[in-house]
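Chain letters run A, B, ... following the sequence lines, proteins first and then strands; every chain starts at 1. Keep in mind that this is a model prediction, so the values were computed, not measured.
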Amino acid sequence: MWRDHLTEIIVFSLLFLLVSAMGFVAARWRAPRDMAHLDEWGLGGRSFGGWITWFLVGGDLYTAYTFVAVPALIFGAGAAGFFAVPYTIVIYPLVFLVLCRLWSVSHRHGFVTPADFVRNRFDSPILALLVAITGIVATMPYIALQLVGIEAVLKTMGVTGDSALARHLPIIIAFAILAAYTYQSGLRAPALIAFVKDSLIYIVILVAVIYLPYKLGGWGDIFDAADAKFKASPAPGDGILLNANNQLQYVTLAFGSALALFLYPHSITGVLASRNRDVIKRNMSALPAYSLLLGLIALLGYMAIAANVKPLPGAKAGSVDGNTVVPLLFDSQFPDWFAGVAYAAIGIGALVPAAIMSIAAANLFTRNIYKEYLKRDASPAQEANVSKITSLVVKVGAVACIVFLDPQFSIDLQLIGGVIILQTLPAVALGLYTRWFHRTALIAGWVAGMGLGMWMLYQVGNPATGKKHFAGSAFPLSEFGFDTKKTIYVGIVAVLVNLAVAALLTLVLRAAKVADGVDGTTPDDYFADEGDPRVTPGPDRDADSAREPVA
Amino acid sequence: MAAPEPEAPTTARSRAKDHSPWNWLLFIPIVVPLIPAFFNADSPRLFGFPRFYWLQLAWILLGVGTTTLVYQMTKKRGDR
């Protein structure tokens with residue numbers, strides 16, 4: 001019953017209203033002279049310094065869903081769920097240099113999306129369209145998943161109804177407010193709200209990792225309780241350590257996810273909004289603070305085991321909603337008012353990435369579909385306008401996903417999303433280093449990787465839940481004919497095949513002397529920094545436009 | 001990676017580009033956290049944490065330390 005949770009609901013609502021107000025005020029924060037430009041609305045004027053970028057990118061990558069789902073995974077499967085930690089460690093050294101090149105070339109040419117870069121580098125509208133569509137398709141379920149995070153909190157507070165509409169009304173209202181201030185303030189809104197979101201999360205987690213072990217008998221007891229649970233369970237893959245069969249999966253999943261993360265349009269949006277290369281490099285050193293947070297949050301799953309939390313029932317009869325374990329843990333261990341703060345942290349935590357993701361998807365549509373195929377001569381003001389409207393459409397779509405479909409469907413789609421976004425790696429990430437690949441070969445590689453990835457995901461079933469297809473990303477190597485029980489992450493295999501096809505076909509096409517278009521970038525573009533002239537002029541207030549472009 | 005263009009635009013300052021031997025250090029925090037043999041064990045425990053958990057959390061420091069070192073050593077000096 002919601003009446004038992006009144007204090008929590010009041011605290012949650014107050015904090016929610018506070019950040020909503022901030023979202024609307026954000027339009028005036030670091031106000032530009034002319035908001036009607038995609039650089040301003042969609043990239044915050046490309047002017048964010050170290051601190052804002054840290055909060056923005058941190059708030060963007062470590063989403064509400066992560067905070068709810070990773071501990072849920074640990075709660076259910078143990079050590080295998082801890083992959084999120086090595087994943088978010090290897091990512092930063094991995095992209096340390098890559099993102100600087102992307103920032104430079106985008107600064108020079110005014111690129112807003114990764115597809116803009118591909119269009120220019122490989123002179124291929126089709127390849128750019130594929131990259132754009134891949135990005136949009138991978139991002140949509142990710143936005144929907146943010147709602148799953150909010151929903152887990154609302155469910156725990158007892159805010160549920162009998163009809164589908166009553167149950168989803170709070171989420172619809174929350175997203176309507178989010179849509180309104182994103183429309184008005186663009187990327188400035190999540191950048192400003194991220195300060196509140198992350199401060200709340202840091203406070204909640206610090207309190208949780210000090211106070212809860214004290215209440216539950218210490219860390220040693222918490223791990224022992226988890227160990228006892230997994231030893232008693234019949235499932236072969238769980239435990240507080242990895243076993244011989246899931247180590248390869250653990251490592252390939254961590255590495256593959258790391259490769260994929262900065263290919264997502266919303267991560268790139270956060271990076272392109274920073275002021276210069278130094279800001280990016282310093283952030284690559286500072287962002288792992290969030291990984292420590294994530295590691296500690298993951299362990300909340302074990303605390304929930306030690307505290308005897310029983311997850312709430314899921315959408316279908318007989319199933320449980322694992323995502324509710326963390327909210328339930330807070331509910332049972334914290335005083336009501338602090339549980340309310342913790343819920344607000346998760347709820348607001350959903351808004352920041354949802355806003356950035358919808359902006360990123362909208363930018364892809366505007367730059368790579370609208371401008372490329374519908375209206376070639378669109379003015380900057382028209383571009384900004386189309387992006388604003390598209391961001392609304394994207395959010396309506398995400399809400400519809402949650403209201404009309406089983407949330408499990410969004411989770412499956414997000415799993416697929418990681419595999420498909422990886423298929424843009426050769427064109428986007430390797431493209432930043434080399435123009436060696438032939439544009440047609442890259443398209444063929446994308447098709448091959450995508451096809452294989454889909455086939456492999458289709459094969460993955462889960463006997464425990466009775467799902468036959470799309471039940472996970474751990475592909476049994478025995479399907480390839482190997483005599484082993486080991487599993488591997490689907491995305492890694494798919495992207496390797498993608499690369500092999502692209503490389504072989506490049507050799508063939510080069511030998512056949514098939515036309516390969518013109519590279520629109522020069523080697524020097526990849527090292528440009530703040531203050532260097534742009535090929536494409538930015539909006540009026542931009543310092544660079546004072547010194548006119550060369551080109 | 002292509003060599004610097006011989007006739008680069010005159011506006012481009014000559015700078016250190018991104019080539020530095022220090023960058024090779026970045027491979028350490030990419031490879032080490034992905035070797036389960038290092039961390040996949042219970043003992044020794046630290047503050048009650050099995051090795052699997054405390055060592056993987058400790059790799060965060062390895063990552064931060066390496067990226068900070070590389071940033072400091074490759075930073076452009078005196079031209080801003």
Side-chain angles (χ1 to χ4, degrees), chain A residues 79 82 85-94 96-97 100-101 213 218-224 227 240-243 247-248 250-252 254-255 258 276-278 281-282 284-286 288-289 291-292 295-296 298-299 433-435 522-524 526-533 547 550-551, chain B residues 1-13 15-20 23 25-37 39-42 45-72 74-76 79-80:
Chain A
F82 211 63
V85 171
Y87 156 31
T88 54
I89 295 173
V90 301
I91 174 119
Y92 300 109
L94 199 60
F96 189 80
L97 299 172
C100 287
R101 293 177 73 92
W219 284 104
D221 285 7
I222 291 170
F223 283 107
D224 290 339
D227 197 26
I240 63 165
L241 296 179
L242 297 173
N243 57 48
Q247 289 186 18
L248 182 65
Y250 185 88
V251 167
T252 49
F255 186 63
N276 56 34
R277 288 165 67 98
D278 251 28
K281 285 196 173 181
R282 273 185 281 135
M284 292 299 113
S285 308
S291 306
L292 180 62
L296 296 173
L299 295 176
Y433 278 95
T434 172
R435 181 63 170 74
T522 65
D524 193 63
Y526 296 88
F527 304 102
D529 206 343
E530 183 186 23
D532 284 356
R547 293 165 253 166
V550 273
Chain B
M1 208 183 310
E5 204 172 60
E7 42 188 19
T10 46
T11 48
R13 289 168 289 163
R15 64 188 120 217
K17 306 292 181 190
D18 266 356
H19 305 275
S20 163
N23 289 339
L25 283 180
L26 293 172
F27 277 100
I28 298 171
I30 296 176
V31 173
V32 170
L34 295 177
I35 302 174
F39 54 77
N40 195 27
D42 194 310
R45 286 201 175 195
L46 189 70
F47 307 116
F49 283 60
R51 195 209 309 175
F52 185 86
Y53 300 91
W54 67 256
L55 190 55
Q56 291 200 73
L57 291 175
W59 293 150
I60 295 174
L61 295 178
L62 178 74
V64 172
T66 316
T67 45
T68 308
L69 180 68
V70 172
Y71 168 65
Q72 290 297 338
T74 58
K75 196 161 60 169
K76 283 173 288 180
D79 73 346
R80 63 171 51 244

Under 4.5 Å, counting heavy-atom pairs only, tell me which of A:Val251, A:Asp221, A:Leu242 racks up the most with chain B. A:Leu242
With the side chain counted from C-beta on, respond yes when A:Val90 and B:Trp59 share a heavy-atom pair under 4.5 Å apart, and no when they do not. no
Look at B:Asn40, B:Leu61, B:Ile28 and state which one has the largest set of heavy-atom pairs under 4.5 Å with chain A. B:Asn40
Give, as side chain, backbone, both or neither, the part of B:Thr68 having an atom under 4.5 angstrom from any heavy atom of chain A. both
Engaged part of A:Tyr87 at the chain B interface, taking heavy atoms whose separation is under 4.5 Å: neither
Roughly how far, to the nearest 0.5 Å, is the CG atom of A:Leu97 from the CG atom of B:Leu26? 5.5 Å
Over all heavy atoms of both residues, which pair between B:Pro36 and A:Gln247 is shortest? Give the atoms and the distance, please. CB-OE1, 3.5 Å
Of all heavy-atom pairs between B:Leu34 and A:Ala254, which one has the smallest distance, and what is that distance? CD2-CB, 4.0 Å
Please table the atom pairs, donor to acceptor, closer than 3.5 Å between any side-chain atom in residues 46-53 of chain B and protein atoms at least two apart or in another chain.
from    : atom 1 : to       : atom 2 : distance (Å)
B:Arg51 : NE     : B:Ser43  : O      : 3.1
B:Arg51 : NH1    : B:Phe38  : O      : 2.8
B:Arg51 : NH2    : B:Ser43  : O      : 3.2
B:Tyr53 : OH     : A:Ile240 : O      : 2.9
B:Tyr53 : OH     : A:Tyr302 : OH     : 2.6

Given that the side chain runs from C-beta out, which part of A:Val85 has a heavy atom under 4.5 Å from chain B: side chain, backbone, both or neither? side chain
Between B:Val64 and A:Tyr92, is a side-chain contact (heavy atoms from CB on, under 4.5 Å) present by the stated rule, with each step listed? CA-CA 9 Å; B:Val64 172; A:Tyr92 300 109; over 6 Å; no
Using the test side chain to side chain donor-acceptor pair (under 3.5 Å), find all partners of A:Ser285 that sit at least two apart in sequence or belong to another chain. B:Thr67
Atom CZ in A:Phe223, atom CG in B:Asp42: separation rounded to 0.5 Å? 9.0 Å
Which atom of B:Leu57 lies closest to which atom of A:Leu292, heavy atoms considered: CD2-CD1, 4.3 Å
Point-to-point distance, once rounded to the nearest 0.5 Å, from CZ of A:Phe96 to OG1 of B:Thr74: 5.5 Å
If I compare all heavy atoms of B:Pro33 with all of A:Ile89, which pair ends up nearest, and what's the gap? CG-CG2, 4.0 Å
